[in-house]
Amino acid sequence: MLKNLSKGFPSLINKRSFSTINDNPLTRIHHGSRTQTTGLVATVFGATGFTGRYLVQLLARTGIQVVVPYRCEDEGFRDLKVLGELGQIIPVRFDIRDNASIERAISHSNIVINMAGRDYETRNFSLEDINVHAASRIADLSKNVEKYIHVSTLRASEDSPSHFSRSKALGEKLTREIIPNCTVVRPSIIFGDEDKFINKWSKVAQNWPFIPRYNQEHKIQPLHCYDLASGILSILETPGTSGKVYEFAGDEVFTWDEFLDMIIDGTAQYSKLNIPVSNDFMKIITEHLLERFARNPNFIKDQIDYHNQDMTTTAGALTLKDLNVKTTPIQEKLIRLSRMYRPGKFFNAIANPQNK
């Protein structure tokens, strides 16, 4: 597919024409109309996911042609095609276990960004399949690209009780061994439209008979999905980012207790009981009830283990401030996202209904 397109659009798709990353061809990124062309091609694995679409939009806006590997049905990527000009967004079907299909997806690319990841297992893929084996396979086949960015997760550790955290840490470790010059991004808990953070807790506030309060004193530093995409674009534009590790998070730090108070204000669910519960209680509920009987459970046992720590950036880490990216306060988005879960009488209230 790419070979056929390259015949029709020779100015847009070029073979890797830059020998080393030290030539710094990424300085050709310009902010302006998406009709401009930089001659750069980026392959974004995980582009059809929640955060991937924002990155595709920013890359296309700067004139970069974006290859979108996908394994879903056509409706899973067709909303991405309108983010760029004709021929600028190129969907390519691939199989994460097939090296040939991965090579086809990256064969014309100067930039490869691996955002593929999974925080729960399915019948077809385990956490190791996606977070470890797929990450190392993509990295191994992308050794010769000019810029490689691997998206991991904040506070990933091989010693964590969370299976997800251990698999992401191992995937990051293998990637850095294969491509020492790669840039690693560790994002915090991400919020935005279609997220599993504000929307999840808003659903719990609306549908559960009580609001479970656990990890109340642990701190979180939520990151907006657009800020993640902006940070990755800034990595491409900024010289000297190769081989470095960045921890992406918002500027504001909350405890889980403070965040749940914001959810209650946003959903206006003031009549719900707030019951402090232990992590062990939540793991029993999720393992024996939610994961067994719910098709799309609000909580999973492994996620509770992963969040049983401060989800904040570590001291001395490189952050979005080092890339001159201004973060989005969670209050700007929370009311809009959570108001659909309000009782009808409070739906039109702009802020805290108790103050109206």
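Positions are given from 1, in the same order as the sequence printed here. Being a predicted model, the structure only gives us computed values, none of them experimental. Side chains are part of it too, since the values below use all heavy atoms of this structure and drop only hydrogens, waters and symmetry mates.
For the atom pair CG of D261 and CD1 of I211, the computed distance is 9.0 Å after rounding to the nearest 0.5 Å. Interatomic distance, OG of S242 versus CD of E146, reported as 10.5 Å (0.5 Å rounding). Atom CG of residue N296 and atom NZ of residue K200 lie 11.0 Å apart, to the nearest 0.5 angstrom. Put simply, CD on E172 and SG on C182 are 8.0 Å apart, with the number rounded to the nearest 0.5 Å. To the nearest 0.5 Å, atoms CE (M262) and CD1 (I335) are separated by 8.5 Å.
Nearest heavy atoms, L223 versus P187: CD2-CB, 3.9 Å. The minimum heavy-atom distance between A249 and T313, with the atom names listed, is CB-CG2, 3.7 Å. Closest approach of P212 to V204, counting heavy atoms only: CD-CG1, 3.8 Å.
A donor-acceptor pair under 3.5 Å is absent between the side-chain atoms of S126 and the main chain of E121, judged by distance alone. A donor-acceptor contact shorter than 3.5 Å is absent between the side chain of E291 and the backbone of H288. In this structure a side-chain-to-backbone donor-acceptor pair under 3.5 Å is present from T183 to T241. Judged by distance alone, the side chain of T238 and the main-chain N or O of I235 form no donor-acceptor pair under 3.5 Å. The backbone N or O of S157 sits less than 3.5 Å from a side-chain atom of S165, completing a donor-acceptor pair. Remark: the backbone N or O of A156 is not paired with any side-chain donor or acceptor of T153 at under 3.5 angstrom. T314 places no side-chain N or O within donor-acceptor distance of the main-chain N or O of A317, the cut-off being under 3.5 Å. The backbone N or O of A60 lies less than 3.5 Å from a partner atom in the side chain of Q88, making a donor-acceptor pair. For R155 (side chain) and T312 (main-chain N/O), a donor-acceptor pair under 3.5 Å exists by modelled atom type.
Ionic pairing of E247 and R186 is present here: one or more N-O contacts between side-chain nitrogen and carboxylate oxygen are shorter than 4.0 angstrom. A salt bridge is absent between D159 and R166: the closest approach of a Lys/Arg side-chain nitrogen to an acidic carboxylate oxygen does not fall below 4.0 angstrom. Using a 4.0 Å cut-off between charged nitrogen and carboxylate oxygen, E194 and R53 count as a salt-bridge pair. Taking 4.0 Å as the cut-off between side-chain N and carboxylate O, D227 and K326 do not count as a salt-bridged pair.
Between Y246 and V184 the shortest side-chain heavy-atom distance does not fall below 4.5 Å.
Y306 and D119 are not linked by any side-chain donor-acceptor pair at a separation below 3.5 angstrom, with hydrogens and angles left out of the test. In this model, no donor atom of one side chain and acceptor atom of the other lie less than 3.5 Å apart for H108 and Q65. In this structure, a donor-acceptor pair under 3.5 Å is absent between the side chains of S338 and S202. Side-chain contact of K333 with T328: a donor-acceptor pair under 3.5 Å is absent, judged by distance alone. There is no side-chain donor-acceptor pair under 3.5 Å between N298 and W201.
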Q: Take H163 and E128 through the side chain to side chain donor-acceptor pair (under 3.5 Å) test and state the conclusion after the steps.
A: CA-CA 9 Å; H163 188 186; E128 282 78 11; 2.5 Å; yes
**Q.** Criterion side chain to side chain contact (heavy atoms under 4.5 Å, CB included) on D195 and I190, from CA distance to verdict
**A.** CA-CA 7 Å; D195 69 6; I190 301 174; 5.9 Å; no
Q.
Set out, in order, the CA-CA distance, both residues' side-chain angles and the distance that settles side chain to side chain contact (heavy atoms under 4.5 Å, CB included) for I179 and R176, then state yes or no.
A. CA-CA 5 Å; I179 309 179; R176 297 183 71 184; over 6 Å; no
Q) Where do I264 and N274 land on the side chain to side chain contact (heavy atoms under 4.5 Å, CB included) test, with the steps shown first? A) CA-CA 10 Å; I264 292 172; N274 287 260; 3.1 Å; yes
Q: Output, in order, the C-alpha distance, side-chain angles, deciding distance and verdict of side chain to side chain contact (heavy atoms under 4.5 Å, CB included) for F164 and Y120.
A: CA-CA 7 Å; F164 165 73; Y120 61 92; over 6 Å; no
Q: Take D129 and R97, measure what salt bridge (charged side-chain N to carboxylate O under 4.0 Å, His left out) needs, and give me the verdict at the end.
A: CA-CA 9 Å; D129 288 337; R97 298 188 177 105; 3.7 Å; yes
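The salt bridge (charged side-chain N to carboxylate O under 4.0 Å, His left out) search around D95 returns none, not counting sequence neighbours.
The six-membered or imidazole ring of F254 lies away from that of F259, with a centre-to-centre distance of 6.0 Å or more.
A side chain to side chain donor-acceptor pair (under 3.5 Å) with S162 is found for exactly one of D302, D305, N308, namely D302.
Around atom CG of N207, more than 12 heavy atoms belonging to other residues, nucleotides or ligands sit under 6.0 Å away. Other residues, nucleotides and ligands contribute over 12 non-hydrogen atoms within 6.0 Å of the NZ atom of K272. Other residues, nucleotides and ligands contribute at most 12 non-hydrogen atoms within 6.0 Å of the NZ atom of K219.
Taking Ile, Leu, Val, Met, Phe, Trp and Tyr as members and joining any whose side-chain heavy atoms lie under 4.5 Å apart, directly or through other members, the hydrophobic cluster of Y341 also contains M340.
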